[in-house]
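Here's the structure we're looking at; comments come further down.
Throughout, a chain's letter reflects where its sequence line sits, starting with A, and its residues are numbered from 1.
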There are 2 protein chains.
Amino acid sequence: MAQTKNFRFEELLDKHHLKKTGARLRVLSMMYSKNTATSQPDLESVMSDIDRVTLYRILNVFEEKGIIHKVFDLNGTANYAVCHADCGENHHHDEHLHFNCTNCKNVYCLDDLHMPRLNLPEGFKADSFTLYASGLCPKCSKKSAATIN
Amino acid sequence: MAQTKNFRFEELLDKHHLKKTGARLRVLSMMYSKNTATSQPDLESVMSDIDRVTLYRILNVFEEKGIIHKVFDLNGTANYAVCHADCGENHHHDEHLHFNCTNCKNVYCLDDLHMPRLNLPEGFKADSFTLYASGLCPKCSKKSAATIN
DNA sequence: ATCTAAATGTAATAATGTTGCATTTATATT
DNA sequence: AATATAAATGCAACATTATTACATTTAGAT
């Protein structure tokens with residue numbers, strides 16, 4: 001994928017009444033260019049000129065607005081991924097599989113895999129579901145197969 | 001439930017070649033007496049005489065041994081719950097639903113709800129699954145119904 | 001061009017995770 | 001029962017992360 005058109009992100013910020021700042025555009029373009037979730041340390045290492053508190057606040061406001069959603073990996077560190085479907089303000093629908101690779105530590109949002117219906121025990125009223133899996137992602141399972149065989 | 005017999009926990013520690021100390025027995029009896037997961041801050045507030053590093057290490061060793069398993073709640077804080085089934089050393093099977101109540105913040109392990117089979121996309125090799133849901137637990141949904149109606 | 005609310009940077013604090021080391025304690029052995 | 005020893009604990013220290021306050025800068029409206 002070539003460099004994604006910036007005006008797309010500018011529209012996105014507009015839509016949510018957020019000012020179009022350099023930092024926000026860069027965060028958006030990084031997150032949209034990857035198919036894995038991004039942690040704040042990831043962002044910090046790439047955009048070391050931006051203060052980490054600013055990144056922290058950008059991630060927070062994006063999450064509030066429903067632009068990204070937060071998912072915790074196996075170590076409990078927060079990762080953020082762009083919301084694909086119909087996430088709105090304070091209203092997320094990340095009911096898909098979050099795949100956590102134990103080797104490269106990447107978190108993949110597998111949107112095609114939707115949640116199966118579940119019958120909860122009497123009394124429990126769920127308003128959202130999230131599914132986690134851990135194991136090897138395609139890249140890492142190829143690598144390990146290569147070294148073992 | 002009356003006070004659970006302590007010798008049960010002593011046997012458990014024995015089985016894993018852990019010394020039977022007061023701190024460990026108290027942690028076990030607290031965790032077994034609840035049907036929700038316990039965070040370290042929970043333990044600290046109840047057992048303020050035990051050093052927080054000790055609690056940290058007790059939780060770690062219990063997890064290694066397969067006595068308890070760790071689950072992160074919606075805020076990313078670690079919660080621990082007793083393993084019911086066949087968890088062994090470094091080998092957990094918590095493939096059940098973790099229900100996170102948005103009101104009382106409790107995490108319930110609903111063991112009866114096992115994971116449905118899933119077809120992962122080509123290349124992904126999963127070795128464990130975990131399912132999360134959030135919403136209202138029985139107690140809190142009753143309460144909110146009472147105040148609304 | 002200028003004004004204003006929003007966004008950022010800086011500093012500071014709180015909470016949490018983690019390690020090293022000295023002391024204490026459970027338990028195996030005599 | 002006394003004691004030797006490895007394990008467990010407490011304490012201090014440090015690292016990392018989350019969070020807030022406030023002063024300065026900047027995007028966007030006028």
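Rounded to an integer number of Å, the gap from CG of B:Asn75 to P of C:dA15 is 15 Å. The interatomic distance linking B:Asp73 (CG) with D:dA18 (C1') rounds to 15 Å, in whole Å. The interatomic distance linking A:Glu64 (CD) with C:dA7 (C1') rounds to 14 Å, in whole Å. In this structure, B:His16 places its NE2 atom 18 Å from C1' of C:dA26, rounding to the nearest Å. The CG atom of A:Asp14 sits 16 Å away from the C1' atom of C:dA7 (whole-angstrom rounding). Between B:Leu59 atom CG and D:dT9 atom C1' the separation is 14 Å, expressed in whole Å. Counting to the nearest Å, the P atom of D:dA7 and the CG atom of B:Asn60 are 17 Å from each other. Rounded to whole angstrom, the span from the CZ atom of A:Phe9 across to the P atom of D:dA27 amounts to 19 Å.
Across all their heavy atoms, A:His69 and A:Val82 have their closest contact at CE1-O, 3.9 Å.
Across C:dT18, D:dT19, C:dT8, the shortest atom-to-atom separation from the side chain of B:Arg52 is found for C:dT18. Counting only heavy atoms from C-beta on, A:Gln40 has its side chain closest to D:dA18 among C:dT18, D:dA18, D:dA8. Closest to the side chain of A:Lys19, from the set C:dA7, C:dT16, D:dA8, is C:dA7. Comparing C:dT10, C:dT27, D:dG28 against the side chain of A:Lys20 picks out D:dG28 as the nearest. Distances from the side chain of B:Arg57 to the nucleotides C:dT10, D:dG10, D:dT17 place D:dG10 closest.
The side chain of A:Tyr56 places no N or O atom within less than 4.0 Å of a non-bridging phosphate oxygen (OP1 or OP2) of D:dT17. OP1 or OP2 of C:dA6 has not a single side-chain nitrogen or oxygen of A:Thr21 nearer than 4.0 Å.
Remark: the A:Thr77 side chain and the A:Ser39 side chain contain no N/O donor-acceptor pair separated by less than 3.5 Å. No donor-acceptor contact under 3.5 angstrom links the side chains of A:Thr102 and A:Ser134, judged on distance only.
Both A:His17 and A:Asp51 lie close to DNA chain C; mapped to their nearest nucleotides by heavy-atom distance, the more 5′-ward contact belongs to A:His17. Residues B:Val53 and B:Leu18 each lie close to DNA chain D; by heavy-atom proximity, the contact nearer the 5' end of the strand is made by B:Leu18.
A donor-acceptor pair under 3.5 Å links the side-chain atoms of A:Asn100 to the main chain of A:Leu74, judged by distance alone.
A distance of 6.0 Å or more separates the ring centres of B:Phe62 and B:Tyr80.
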